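Here is the structure we will look at, set down as C-alpha cells.
Scope of the values below: all heavy atoms of this structure, side chains included, with no hydrogens, waters or symmetry mates. Since the structure is predicted, the reported quantities are computational estimates derived from the model, not experimental observations.
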Amino acid sequence: MLARKSIIPEEYVLARIAAENLRKPRIRDRLPKARFIAKSGACNLAHKNIREQGRFLQDIFTTLVDLKWRHTLVIFTMSFLCSWLLFAIMWWLVAFAHGDIYAYMEKSGMEKSGLEATVCVTNVRSFTSAFLFSIEVQVTIGFGGRMMTEECPLAITVLILQNIVGLIINAVMLGCIFMKTAQAHRRAETLIFSRHAVIAIRNGKLCFMFRVGDLRKSMIISASVRIQVVKKTTTPEGEVVPIHQLDIPVDNPLESNNIFLVAPLIICHVIDKRSPLYDISATDLANQDLEVIVILEGVVETTGITTQARTSYIAEEIQWGHRFVSIVTEEEGVYSVDYSKFGNTVKVAAPRCSARELDEKPSILIQTLQKSELSHQNSLRKRNSMRRNNSMRRNNSIRRNNSSLMVPKVQFMTPEGNQNTSES
C-alpha cells in the first residue's frame, strides 16, 4: 500500500522482499526411507503385473486363508446361499417334472392328504417350499412338514448329491475359518522387540544389541534368533543389487543356538571381521543405507504351531553409545519384569570409531574408559555436593522455623513494685 501511494519506492519494496526470501532457510521434507520389513513385521513389498493369476486358484485353500476377514465371511455366506438356491431349483424341477406342483394346485384340501404317497417330496408346492426343503436337507434340520417318498429315484440321487456337496462346503469353510483364527502370526503379536537398537561396548568388544520379550506366560519352545543386513550394493561389473542380504552371527554361549525366552533378553552381535558393520563408525552410520532385519522363530507351547516374529532397524533407529536399562528385579522371591522400561536406554561411554579402528588401536578403548571414569567421578562429586547443599539449606530452614516459634517473655508488675517475669 505504501508503494502504491509512492511513499516508498517500488524498487526498494521488491528488493526487500527478495532479500527476506533469501534469508529464510528452505527446508525440504525428507522422504522416508523405504524399508523392506516394517516395525510390525509386515513385508513392505508390492507385487505388480502378475499375469498368471490362475496359479492362486490352484491352491484355493491357501488363497481363502490369506484373504481378509470381510472377504472370507462374504465367501462363507455366499457359498451356503448359492448351494441352497442351486438345489432348491433342482428340487423344484424334480417336483415340476413329476407333476407334483399341478397335483397340489388341482386337488382340494381334503384330497391333498392322499397325494403324499404319489409325489416325490410332500408339501413342495412352489419355489419357496423347495428352497425351504433344500435348507432342511443340507443343514439336517428336519421340521417334519416336508419329506421324501419312494416314488422318484431322481429325487434320491439329488438328496445324496446335496448331502455330499454340503459336507464338502462345511469342511472347507470351517477349516478355513479355523486356520485363520489359529494362524501363526497371531501368536507373534505378543512377541515384542525394542523400538531402537544400540551399539555399545560389552566385554571389551563393540556390539550391536536389541531387546526381545514375550508378553504371554506360555513359552516359545526352541526359540532362535536370526539377524540379516539388507542394503543396496553394486557389483564390480556394475550390476545393482537392490536387496542384498547378509547374515549376521548372534553371540550365543549355548551350542544349540536356541534362547530360553522366559524373560526379556538382550540379543548381542559382536561386531568383528565377519560383521557387515565392521567398517562403520558413528559418523558413517547416519549416512548408511542399510536395514538390519531380526527374525525370531519358535514353536508355540500350547498349539505346537511354528510362529515367526519379525522387525527391522534402519540407521536412524540405531543409537550409538547407549545401553538398555535393567528391567528384571527380584521381589519377595519372585522375578518381576517392568515392561514400562522395555525400550529405555541410557548413555554410556563408547568410542565413536569403527570396530576395525578399535581393533587396530586398542588404546582408543582405554582412553574412552578413562574419560568415562573421570566423568563418572565428577558426576558423583557434583551429586554429593548438591546433597550437602540441600541438607544445609534444609537445616537452616528448620532453624529459622524454630526461632520464629520461640515463646516471648512477659513481665508483670506486683503492687509491692516487684517485677515477676513469666512466660505465656
Side-chain angles (χ1 to χ4, degrees), residues 52-107 109 112-187 300 302-307:
E52 298 181 2
Q53 298 287 343
R55 292 181 177 270
F56 295 99
L57 297 178
Q58 294 177 3
D59 188 10
I60 186 64
F61 186 76
T62 306
T63 303
L64 291 175
V65 174
D66 290 339
L67 288 176
K68 295 182 179 179
W69 268 108
R70 57 177 178 270
H71 299 155
T72 303
L73 293 177
V74 169
I75 294 174
F76 180 84
T77 306
M78 293 303 298
S79 61
F80 284 102
L81 287 178
C82 291
S83 64
W84 294 340
L85 287 172
L86 176 63
F87 283 99
I89 294 172
M90 296 178 68
W91 287 116
W92 185 84
L93 290 176
V94 168
F96 179 78
H98 194 260
D100 300 344
I101 297 176
Y102 291 106
Y104 276 106
M105 292 175 61
E106 293 175 355
K107 299 293 182 180
K112 288 180 181 179
S113 59
L115 294 175
E116 295 181 356
T118 58
V119 297
C120 294
V121 181
T122 59
N123 296 325
V124 176
R125 304 181 182 88
S126 61
F127 181 77
T128 304
S129 58
F131 180 74
L132 292 175
F133 181 71
S134 175
I135 296 176
E136 293 177 12
V137 170
Q138 188 164 335
V139 190
T140 63
I141 296 176
F143 291 116
R146 283 168 286 271
M147 60 182 180
M148 289 187 56
T149 62
E150 302 174 356
E151 292 294 322
C152 300
L154 180 60
I156 299 174
T157 305
V158 174
L159 176 66
I160 296 172
L161 182 62
Q162 186 172 4
N163 286 329
I164 295 173
V165 172
L167 289 175
I168 292 174
I169 294 175
N170 288 335
V172 172
M173 297 311 301
L174 293 179
C176 177
I177 297 296
F178 173 76
M179 290 301 297
K180 285 186 71 67
T181 54
Q183 278 183 328
H185 68 269
R186 303 295 179 188
R187 179 62 176 87
V300 183
T302 53
T303 61
I305 301 175
T306 302
T307 185

CG-OG distance between L86 and S134, expressed to the nearest 0.5 angstrom: 8.0 Å
Point-to-point distance, once rounded to the nearest 0.5 Å, from OG1 of T303 to CZ of R187: 8.5 Å
Closest non-hydrogen atom pair, V121 against M148: CG2-CG, 4.1 Å
Separation between OG1 of T140 and CD1 of I135, rounded to the nearest 0.5 Å: 12.5 Å
All pairs passing side-chain hydrogen bond (donor to acceptor under 3.5 Å, both in side chains) where residues 88-97 contributes a residue, at least two apart: W91-Q162
CZ on F76 to CG on L81, rounded to 0.5 Å: 10.5 Å
Shortest non-hydrogen separation from A155 to V94 and the atoms involved: CB-CG1, 4.1 Å
Listed pairs under 3.5 Å, donor-acceptor, residues 163-180 side chains, sequence neighbours left out:
| unit_1 | atom_1 | unit_2 | atom_2 | d |
| --- | --- | --- | --- | --- |
| N163 | ND2 | L159 | O | 3.2 |
| N170 | ND2 | G166 | O | 3.1 |
| K180 | NZ | V65 | O | 3.0 |
| K180 | NZ | L67 | O | 2.5 |

Point-to-point distance, once rounded to the nearest 0.5 Å, from CD of E151 to CD1 of I156: 10.0 Å
ring-ring contact (aromatic ring centres under 6.0 Å, His included) involving F131 - partner list, sequence neighbours excluded: none
Nearest non-hydrogen partners of V124 and R146, listed with the distance: CG2-CD, 4.2 Å
For A88 against A130, the heavy-atom pair lying closest together: O-CB, 3.6 Å
Pairwise side-chain contact, F80 with V139, heavy-atom cut-off 4.5 Å (strictly under): no
Heavy-atom closest contact (C120 atom, H98 atom, distance): SG-CG, 3.4 Å
Gap between atom CG of N123 and atom CG of L132 - 0.5 Å precision: 11.0 Å
